Amino acid sequence: QPGTADEVHVHLLARDEAFSGEVVAQIERENESPAYVIEADGDRVMVPQVEGVDMEVGDDVEVTRDQQGNYEAEAGHDYGR
């Protein structure tokens, strides 16, 4: 039911926006690649699958979107390799 207290607003990244957080959900979409929900400090962002980046629930990721609306992502578990 909409309007419950534990409902968290999920938004999409604006152009020129960056967001870092933990992948909390993978959303399967018919006829499309999956989308992912990233959460940090109670804020949630939904992003499409980014080519070349393997995101899984529990990963720390940083996602950015450029002026053209293209997404880029870095998965935290690749740091320091």
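It should be emphasised that the depicted structure is a prediction, and the values quoted were computed from it without experimental measurement.
Tested against V45 for a side-chain contact (heavy atoms from CB on, under 4.5 Å), the candidates V37, L13, V10 yield a single pass: L13.
Applying the side chain to side chain donor-acceptor pair (under 3.5 Å) test to D41 and every residue at least two apart in sequence or in another chain returns nothing. Under the salt bridge (Lys or Arg N to Asp or Glu O under 4.0 Å) criterion, E51 pairs with no residue, sequence neighbours left out. Annotation: side chain to side chain donor-acceptor pair (under 3.5 Å) contacts of E28 (sequence neighbours excluded): Q26. With sequence neighbours excluded, the residues satisfying salt bridge (Lys or Arg N to Asp or Glu O under 4.0 Å) with R29 are E32. A search for side chain to side chain donor-acceptor pair (under 3.5 Å) contacts involving Q67 returns D16, not counting sequence neighbours. Evaluation of the side-chain contact (heavy atoms from CB on, under 4.5 Å) rule for E22 yields D60 as partners, not counting sequence neighbours.
Residue R44 holds its CZ atom at 10.0 Å from CZ of F19, rounded to the nearest 0.5 Å. With rounding to the nearest 0.5 angstrom, the CG atom of D54 is 8.0 Å from the CD atom of Q49.
Two residues are said to be in side-chain contact when any heavy atoms from C-beta on lie closer than 4.5 Å; H11 and D43 meet this criterion.
In terms of heavy atoms, A73 sits closest to V63 at CB-CG2, 4.0 Å. Of all non-hydrogen atoms in G21 and A40, the two that sit nearest each other are CA-CB, 4.0 Å. Annotation for P48 and M55: closest pair O-CE, 4.1 Å, computed over non-hydrogen atoms. Minimum heavy-atom separation, T64 to A18: CG2-CB, 3.4 Å.
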Determine, step by step, whether Y36 and V61 satisfy the side-chain contact (heavy atoms from CB on, under 4.5 Å) criterion, reporting the C-alpha distance in whole Å, the side-chain angles of both residues, the deciding distance to 0.1 Å, and the verdict.
CA-CA 11 Å; Y36 296 88; V61 297; over 6 Å; no
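Pairs engaging residues 64-73 under the salt bridge (Lys or Arg N to Asp or Glu O under 4.0 Å) rule: none recorded [sequence neighbours left out].
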